[in-house]
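Just so you know, these numbers use all the heavy atoms, side chains as well, and skip hydrogens, waters and symmetry mates.
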Amino acid sequence: MAEPEAQLLLAVGLIEKDTSGDVLWVWCYPSVTAELRDLLLRKSCLTDENKLLHTFVFGQYKRSWFYITTVEVQESPVLKKVTHFSIVLTAKDFNPEKYAAFSRILCRIYLKHGSPVKMMESYIAVLTKGVCQSEENGSFLSKDFDARKAYLAGSIKDIVSQFGMETVILYTALMLKKRIVVYHPRIEAIQEFTRTLPALVWHRQDWSILHSYVHLNEEEVEALKACTGYIAGFTDSEVNSRPDLYDVYVNLADSEITISPLVKEAMTMGKLHKEIGQLIVQSAEDPDKSDSQVIKDISLKTKEILATLASLTEVSDGNEKPTLNSEALKQKRFPPATENFLFHLAAAEQMLKI
């Protein structure tokens with residue numbers, strides 16, 4: 001029985017930088033559109049002016065994930081004219097660890113044989129059997145890497161130790177499906193931070209909102225704007241002057257969070273937010289708790305809030321989704337900020353009567 005990997009992997013590609021400094025898209029299998037090829041060349045650090053080598057980057061574009069591993073070629077008898085190369089994998093799922101492990105094997109194969117044919121063989125083996133094994137290049141088993149592991153790989157505790165009570169701003173923005181832009185000059189810092197954020201709203205288990213590596217390029221910005229709520233990572237400080245792209249702006253380098261005036265009303269903080277903030281901080285600062293336990297604590301609080309919201313809904317028509325009964329909400333006489341938050345949460349969850 002073939003692994004479901006066949007439905008996840010989309011393509012493998014190869015980018016090379018030669019001794020004269022030219023960067024070329026050399027090969028791919030089965031195929032990559034011209035639009036995606038341009039994007040992947042842009043994402044590969046080989047085309048970057050500042051010449052910094054990033055061993056592994058990942059991101060998403062129009063529902064396809066990309067994973068790029070880059071290595072320097074040293075004294076290779078088979079790759080005489082090549083100084084560096086990037087192996088690109090595109091897939092339907094978010095799993096950086098899985099694709100980093102697989103692409104490291106592909107890199108070793110290419111360094112050894114200098115021909116894409118051998119890489120293609122391993123790619124097809126993973127595609128059909130979910131496994132590629134070799135004595136010298138290591139073996140890879142895709143089922144060692146489940147999605148849940150990838151979702152829990154980041155550290156919520158690190159985020160809370162950096163932002164403290166302000167973490168509740170990120171929580172609120174995610175609950176309300178707002179647009180979060182994160183800036184840091186180092187791509188590694190961006191990826192580590194942004195990949196962890198969706199765990200704050202664990203009940204959704206939705207990593208499709210993550211766009212961890214975006215350039216201020218017209219196509220990319222347009223694709224981003226087509227999404228309702230998102231987390232987008234940028235290494236270009238210019239993004240600061242693009243208020244059209246964010247509701248919440250996180251300057252990770254300076255540990256500053258800014259709320260856009262346009263969402264100030266929806267994001268009004270009150271007693272409930274303070275409670276949530278304190279719960280997040282207390283849980284994260286407990287040395288005996290693991291990151292996944294902190295996520296669980298936050299998730300339990302979220303479930304409480306969602307249960308409160310559910311108790312204020314009604315099903316007007318047998319087959320319809322429950323909608324918020326605004327009168328019932330008003331009668332509860334919640335503090336204004338709580339009522340406001342529940343109303344906007346109902347909107348985010350599509351529970352308002354149209």
Side-chain angles (χ1 to χ4, degrees), residues 156-157 159-160 163-181 196-206 209 227-231 243 246-250 256-286 289 293-354:
I156 283 278
K157 295 185 111 171
I159 291 179
V160 181
F163 289 101
M165 279 295 280
E166 287 206 313
T167 309
V168 76
I169 300 174
L170 302 170
Y171 170 86
T172 306
L174 288 160
M175 283 290 279
L176 300 182
K177 301 187 179 173
K178 297 298 180 197
R179 301 165 308 151
I180 301 173
V181 159
T196 311
L197 287 181
L200 283 170
V201 284
W202 183 255
H203 66 290
R204 291 190 190 130
Q205 296 207 10
D206 181 11
I209 61 172
C227 309
T228 34
Y230 52 74
I231 300 157
Y246 59 80
D247 300 317
V248 172
Y249 180 77
V250 182
E256 279 173 5
I257 300 180
T258 312
I259 301 175
S260 152
L262 295 174
V263 294
K264 275 268 196 311
E265 186 264 332
M267 302 259 310
T268 308
M269 301 285 155
K271 186 166 155 278
L272 175 68
H273 299 84
K274 193 176 169 182
E275 263 171 46
I276 300 165
Q278 282 165 339
L279 175 126
I280 293 173
V281 171
Q282 260 166 346
S283 178
E285 283 177 353
D286 184 339
K289 285 191 171 173
Q293 283 169 307
V294 177
I295 289 167
K296 197 173 177 181
D297 287 346
I298 299 168
S299 186
L300 286 169
K301 184 68 184 167
T302 302
K303 284 207 172 86
E304 255 176 56
I305 294 168
L306 292 170
T308 303
L309 189 59
S311 73
L312 302 167
T313 58
E314 54 189 8
V315 179
S316 38
D317 184 2
N319 55 10
E320 262 185 53
K321 233 182 119 151
T323 54
L324 181 70
N325 176 335
S326 327
E327 272 315 301
L329 175 59
K330 285 200 179 73
Q331 275 162 12
K332 282 280 184 206
R333 298 199 187 285
F334 284 122
T338 303
E339 184 177 316
N340 183 53
F341 176 63
L342 289 170
F343 179 79
H344 285 283
L345 182 57
E349 297 286 352
Q350 274 124 24
M351 290 162 79
L352 292 186
K353 281 201 192 76
I354 309 299

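- Note: T268 OG1 to E339 CD = 12.0 Å, rounded to the nearest 0.5 Å.
- Panel note: side chain T172, backbone V168; a donor-acceptor pair is recorded below 3.5 Å.
- The shortest heavy-atom contact between L279 and D297 is CD2-O, 3.8 Å.
- For residues 324-334, there are no salt bridge (Lys or Arg N to Asp or Glu O under 4.0 Å) pairs, not counting sequence neighbours.
- Judged purely by atom type and a 3.5 angstrom limit, K177 uses its side chain to pair as donor or acceptor with the backbone of A348.
- Partner of I280 under the side-chain contact (heavy atoms from CB on, under 4.5 Å) criterion, chosen from I159, V294, T167: T167.
- S260 and Y246 make their closest contact through CB-O, 3.8 Å (heavy atoms, listed as atom of the first residue, atom of the second, distance).
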Evaluation steps, side chain to side chain contact (heavy atoms under 4.5 Å, CB included), between L329 and F343: CA-CA 8 Å; L329 175 59; F343 179 79; 4.3 Å; yes

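- Across every non-hydrogen atom of H203 and S299, the tightest pair is N-OG, 4.4 Å.
- A donor-acceptor pair is defined here as one N or O able to donate and one able to accept, closer than 3.5 Å; no such pair exists between the side chain of D247 and the backbone of L262.
- A distance-only check finds no donor-acceptor pair linking the side chain of T338 to the backbone of F334 [under 3.5 Å].
- F163 places none of its side-chain heavy atoms less than 4.5 Å from the side chain of I169.
- For the atom pair CD of Q293 and CG of D286, the computed distance is 8.0 Å after rounding to the nearest 0.5 Å.
- The shortest heavy-atom contact between I257 and E166 is CD1-O, 3.8 Å.
- Once rounded to the nearest 0.5 Å, the distance linking CE of M165 with CD1 of I276 reads 10.0 Å.
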Derivation of the side chain to side chain contact (heavy atoms under 4.5 Å, CB included) call for N340 and E265: CA-CA 8 Å; N340 183 53; E265 186 264 332; 3.0 Å; yes

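- In this structure, the separation between CG on L272 and NZ on K301 is 6.0 Å, given to the nearest 0.5 Å.
- Proximity of a side-chain donor or acceptor of H344 to a complementary backbone N or O of F341 within less than 3.5 Å is not detected.
- The side-chain heavy atoms of L174 and I209, taken from C-beta on, include a pair separated by under 4.5 Å.
- Atoms OG1 and NZ, from T313 and K321 in turn, are 10.5 Å apart once rounded to the nearest 0.5 Å.
- Proximity of I231 to P198: side-chain heavy atoms (C-beta onward) are separated by under 4.5 Å at one or more points.
- For R204 (side chain) and M175 (main-chain N/O), a donor-acceptor pair under 3.5 Å exists by modelled atom type.
- Between L170 and L197 there is a side-chain heavy-atom pair separated by less than 4.5 Å.
- Between L200 atom CG and I156 atom CD1 the span is 4.0 Å, to the nearest 0.5 Å.
- In this structure, A337 and M269 approach most closely via the heavy-atom pair CB-C, 4.0 Å.
- Residues I298 and W202 form no side-chain contact, since every pair of their non-hydrogen atoms from C-beta on lies 4.5 Å or further apart.
- Residues I305 and L345 share a closest heavy-atom pair of CG2-CD2, 3.8 Å.
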Check against side chain to side chain contact (heavy atoms under 4.5 Å, CB included), K178 and V263: CA-CA 9 Å; K178 297 298 180 197; V263 294; 4.2 Å; yes

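- Proximity of T323 to L352: side-chain heavy atoms (C-beta onward) are nowhere separated by under 4.5 Å.
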Pair I180-Y249, side chain to side chain contact (heavy atoms under 4.5 Å, CB included): steps then yes or no: CA-CA 6 Å; I180 301 173; Y249 180 77; over 6 Å; no

